[in-house]
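Here is the structure we will look at, set down as structure tokens.
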Amino acid sequence: VVDPCALPGAPEPDATIDFEGREVRVSSRDTVGVALLRQGEWILSRSVKYHRPRGLFCLDQGCAGCLMRIGGEPNQFACTSPCRDGLAVSRQNAFPSAGRDVLRAIDWAYPGGLNHHEMFAGVPVAETVMAKVARQLAGFGELPDANKSIAKATVQTTSVCVLGMGRAGAAARARLVERGVDAAGIDRTTEAGSGREAVGVYRDGSGLAVVARGEGGLSVVRPRALLVCTGSRDQTLCFAGNDRPGVFTAWAMLQLIERHRVLPSNRLLVAGDGPTAAKVARVGREAGAEVRVVESGVSIVRARGSRHLQGLDLLHPDGHTEVWTGGAMAACGPRVPVFELGAEAGAGTVPRPAGGFALAVDPNGGTRVADVFAAGSCSDGAGDSTEQGRRVADAVAHATTRIAP
Amino acid sequence: MTKTVVCPCEDVTAHDLEEAVRLGYRDVESVKRYTGFGTGFCQGKACLTHVASYMAESGAVTPEQIAPFTARPPFRPTELAFYAGIDPDSVMGLPGTAPGLEDEGLAFHALRPKTPIPERCRVAIVGGGIMGLALAYNLCKRGQRDVVVLEAGYLCNGASGRNGGGIRAQWNTVTNIRLAKRGMQLFEGFARELGLNVWFRRGGYLFLARNAETAARLERSAEFHLLHGLRTQIVTPDAARDLVPELDTRHIATGAFNPDDGVIFPWPLVWGYARGVEKLGGQVHAFTRVEGIDVEAGRVRAVNTDRGRMCCDVLVNAAGAWSPRLAALAGVTLPNVPQRHEICSTEPQKPFLGPLVSVLDEGVYFSQSMRGELVGGMGDPRDPPGLNHASSLRFLARYSQAVLRILPRLGSLKVVRQWAGCYDVTPDNSPVLGETPGVAGFLQMSGFVGHGFMMAPAVAELLAEWMAGGEKDEIFDRFSLSRFAEGRMEREDFIIG
């Protein structure tokens, strides 16, 4: 098993960051997390309670694995924070350092877990000492070097706000524009979404308010109707040591290889079946990795490697066990709907047989609230996402004529 | 080493889930609170699916009972300095009703146990918050074990599970100081008595005044505190900065600091009292809604619930913000009014704040929890009265501005979760306790105006003592419901939030 290696097309170093006092040559086109992975730095943080090693996992600001102190600010997502020359980067929540954290002893000492509700409860002296120690151990990161100034929010009114510019959202917005309906798209990762991400949906005396955050601050979008196209997200798999650096979501693995041109290990394991698993396996092989695909009949029992993934114990349906050796795996289980923003807006949810919750919609994408619609994989609507987006856009366009401004 | 990590943000393992279900936490909201899953940076994005699947597979809930926990903004951790840039008046508060409460009702109805409740009991207590549970526990301890507590939702759904955990003795009436001091003793001994840590941290309460009038109020109250055995000191702005190193004193006139006040983690008290009740032979029924009260010949006879009728000799109204609704079922009008108060929690950071800080002029308060989060809230004079658990953007804008005015250092602190609870407000900010004129056997234990949590252990002890045949404390006359008709107000003006 070899360390992460750069693939053809990887950006060339053109900047230097300060990583815990060490100068590291990076590309300014890389994010901090990816730049450190290229250097073989698997451990970007330590977990809050057991000080377990953590690193890049979702690459989508959806977990806490990569939170670092970056540019003097605590708890920044290294997966998306860009590198720039002279940037100071350090890991947090570890003693003496995240690379070698003696507080990991808590993890070893309590293999079955530590029930903080009952530990030393009512034991004289011990409970007082524990309370003092716990307060020092708790928390993640320290206050920033400088005060952050207040960023004035902007306010925008629109007929329709489309949350998410994936297939359903992009198709819906195109259709709305085609019909002459004023529609604002919000999506962090696309230009059509103006690089803003929705962080909350509220309802007040005058209707809906979507709060979106961009680089410089917040914008408040006041639509007459909301179309939720927030899509779905990957989930990790449950097995012992499933949080070890080297375990990635399917999406993260594809991002690393295709976009960032870094192969996390020359031996990859792809867990899951279906088109996503097949794609990850193909992309991994094309990048030169030896890929092992483990379909759903085989269970992953536990991760090997104390600091980062070095292998997996597998259990076959016939009862025989196998040890796979390799440095990275992609969890390609079923994706689950991103329902949260729709639920904040008042839409109802239904449990899905494959896991997770979807926004409950009628055939027109309507939810139980009149001014909120949903389309695509965040909902339980049937059919192709693009087709759903177009269909629901028609219903939204019709509805906005009925909802008073 | 061998841990299967279900919630990586908070290090919650598969074993923790099993343990929670084994201990009787059998709905997603309760498991969330007991294990802490879904309370970290990602707010459930990585873990909710696994927990929901586990709970369905383990048989803790049936497939139709599975629901996600309430989605709470923000979707991604967002800086106070960003929210402070919103003009609060451009985003109004909410109207007095919220779809949130109806949703809760539906979810709770699905989780209602299929078994009937007992046909009769001696004491029925409505409200499974700290007030009702502490009373039940204290009755059981005094040998009165024929007690049944009825709670419409899960055990932390009301204000007991939604408050900021502030515990203080800085009050402006002799009675409140007495109750708060006794409460603190009980909090100190709670883990020993009931086996759960409550993380009571006495970092003090620092009240700040921005204008001269409020400063004069603080000075008057500090004198009163000294007379009644508290260690409250008036502090200059510079001395306040010694207590809170990052404090911007430009807008501060004076402060009052009592080092013996502190903050607590509220949920374990609710669970601890509930466990204590069940261990001693009393009963606690969650997800059980009271729909009617039978009063015959001026006396309470029974409560009707969505799980059947239960006769009782005594009925106690410990329903907090729902207490006027409950009383109305017995034909009794309480002067209490529910009032929403909003609150939020940030990312956890290493200790940076010792005391709970409150600016008395504007009602903002915040403290750093044992986990390192900044937890705080602020009332809104424009918020209409009514039961309401919805969260508003206006709150975040107002709260962020109020915090950053005195602690600009905290601008980059990111909010991870906001929520709301209801104060149970009375005309004179004092509780409604004891007998109900015209309805024998109906006892009131409500109207605590946002400080019921800290008062509950002491009040419950006194009420249980009286109900078990002991002495009747003067609070049950002083704070009786009849005082409103008699025009005898007991004003407390040190209310925050």
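Residue numbers begin at 1 in each chain, while the letters A, B, ... track the order of the sequences.
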| message | Contact between A:Y50 and A:L114 at the side-chain level, heavy atoms closer than 4.5 Å - yes or no? | response | yes
| task | Name the region of A:F357, side chain, backbone, both or neither, that has any atom closer than 4.5 Å to a heavy atom of chain B. | result | side chain
| said: Using heavy-atom distances under 4.5 Å, tell me whether B:L353 contacts chain A through its side chain, its backbone, both, or neither. | reply: backbone
| task | With a 4.5 angstrom heavy-atom cut-off, could you sort out which part of A:L137 is near chain B: side chain, backbone, both or neither? | result | backbone
| task | Measure A:P74 against the heavy atoms of chain B and call it side chain, backbone, both or neither at under 4.5 Å. | result | both
| Flag for B:S367-B:R201: side-chain donor and acceptor within less than 3.5 Å | no
| message | Looking only at the side chains, is there a donor atom on one of B:D11 and A:S47 sitting less than 3.5 Å from an acceptor on the other? | response | yes
| task | Tell me, for A:S149 versus chain B, whether the close heavy atoms (under 4.5 Å) come from the side chain, the backbone, both or neither. | result | backbone
| field | Check: A:S232 main-chain N/O paired with A:R335 side-chain donor or acceptor under 3.5 Å | value | yes
| query | Under 6.0 Å from the six-membered ring centre of B:F75 and within 45° of its axis: does the NZ or CZ of B:K45 meet both? | reply | yes
| Most chain A-contacting option - heavy-atom pairs closer than 4.5 Å, from B:A67, B:G36, B:G40, B:C47 | B:A67
| request: Side chain from CB out, backbone as N, CA, C, O: work out which of these in B:A14 comes under 4.5 Å of a heavy atom of chain A, or both, or neither. | output: neither
| message | Please classify the contact of B:L410 with chain A as side chain, backbone, both or neither, using a heavy-atom distance under 4.5 Å. | response | side chain
| Step by step, would you call B:K3 with B:D16 a salt bridge (Lys or Arg N to Asp or Glu O under 4.0 Å)? | CA-CA 10 Å; B:K3 296 179 183 78; B:D16 293 335; over 6 Å; no
| task | Using a cut-off of under 4.5 Å on heavy-atom pairs, state which of A:S45, A:A198, A:P144 scores highest against chain B. | result | A:P144
| said: Looking only at heavy atoms and a cut-off of under 4.5 Å, which of A:E142, A:R233, A:E340 has the most pairs with chain B? | reply: A:R233
| query | So, do A:F77 and B:F41 have ring centers that fall under 6.0 Å from each other? | reply | no
| note | Heaviest contributor of heavy-atom pairs below 4.5 Å to chain A, chosen from B:H15, B:E19, B:Q43, B:H50, is B:H50
| said: Please list all pairs meeting salt bridge (charged side-chain N to carboxylate O under 4.0 Å, His left out) that have one or both residues in residues 64-86 of chain B, counting only residues at least two apart or in different chains. | reply: A:E197-B:R76, A:R213-B:E79
Show the atom names and distances, to 0.1 Å, of all donor-acceptor pairs under 3.5 Å that link a side chain in residues 115-134 of chain A to residues at least two apart or in another chain.
from	atom 1	to	atom 2	distance (Å)
A:N115	OD1	A:H117	N	2.9
A:N115	OD1	A:E118	N	3.3
A:N115	ND2	B:Y34	OH	3.3
A:H116	ND1	A:K49	NZ	3.1
A:H117	NE2	B:Y34	O	2.7
A:E118	OE2	B:R275	NH1	3.0
A:E127	OE1	A:G122	N	3.1
A:E127	OE2	B:R192	NH2	3.0

| query | Given that the side chain runs from C-beta out, which part of A:R54 has a heavy atom under 4.5 Å from chain B: side chain, backbone, both or neither? | reply | side chain
| request: Please look at A:Y202 and chain B and tell me whether the side chain, the backbone, both or neither of the residue comes under 4.5 angstrom of a heavy atom of that chain. | output: side chain
| Are A:D204 and B:R394 within salt-bridge range, i.e. N to O under 4.0 Å? | no
| Side chain, backbone, both or neither: which part of A:V211 has an atom under 4.5 Å from a heavy atom of chain B? | side chain
| Side chain, backbone, both or neither of B:W267 within contact of chain A (heavy atoms, under 4.5 Å) | neither
| query | So what's closer than 4.5 Å to chain B heavy atoms on A:V338: side chain, backbone, both or neither? | reply | side chain
| Between A:G217, A:A146, A:G200, which residue shows the highest count of heavy-atom pairs closer than 4.5 Å to chain B? | A:G217
| task | Please state whether the side chain, the backbone, both or neither of A:R135 comes within less than 4.5 Å of a heavy atom of chain B. | result | both
| Any side-chain donor near an acceptor of the partner, B:S392 and B:E342, under 3.5 Å | yes
| If you count heavy-atom pairs under 4.5 Å between each of A:L237, A:V350, A:T236, A:V369 and chain B, which one has the most? | A:T236
| task | Let me know if B:E10 has heavy atoms under 4.5 Å from chain A in its side chain, its backbone, both or neither. | result | both
| request: Output the option from B:P68, B:P8, B:P74 having the highest count of non-hydrogen pairs under 4.5 Å with chain A. | output: B:P68
| Between the side chain of B:Q401 and the main-chain N/O of B:I86, is any donor-acceptor distance below 3.5 Å? | yes
| message | Need one label for A:C63: side chain, backbone, both or neither, based on atoms under 4.5 Å from any heavy atom in chain B. | response | backbone
| request: Look at atom CD of B:Q65 and say whether more than 12 heavy atoms of other residues, nucleotides or ligands are closer to it than 6.0 Å. | output: yes
| If you tally heavy-atom pairs under 4.5 Å against chain A, which of B:G44, B:G272, B:G372, B:A81 wins? | B:A81
| note | From the list B:L196, B:L393, B:L396, the residue making the most non-hydrogen contacts under 4.5 Å with chain A is B:L393
| remark: Checked A:G113, A:G62, A:A64, A:G141 vs chain B; the most non-hydrogen pairs under 4.5 Å come from A:G141
| remark: The residue among A:M68, A:Q76, A:Q61 that forms side-chain contact (heavy atoms from CB on, under 4.5 Å) with A:S81 is A:Q76
| query | Which of these, A:D145, A:N93, A:N75, sits in a side chain to side chain donor-acceptor pair (under 3.5 Å) with A:R69? | reply | A:D145
| message | For the backbone of A:G241 and the side chain of A:R302, can you confirm whether one donor and one acceptor N or O come within less than 3.5 Å of each other? | response | no
| said: With a 3.5 Å distance limit and no angle check, can you tell me whether A:T367 reaches the backbone of A:V372 through a side-chain donor-acceptor pair? | reply: yes
| note | Under 4.5 Å to a heavy atom of chain A? For B:Y83 that would be both
| said: If we define contacts as heavy-atom pairs under 4.5 Å, which of A:T249, A:V48, A:L218 has the most with chain B? | reply: A:L218
| note | Note: vs chain A, highest number of non-hydrogen pairs under 4.5 angstrom among B:P348, B:P408, B:A191, B:P73 is B:P73
| field | Proximal component of B:A397, with respect to chain A [non-hydrogen, under 4.5 Å] | value | neither
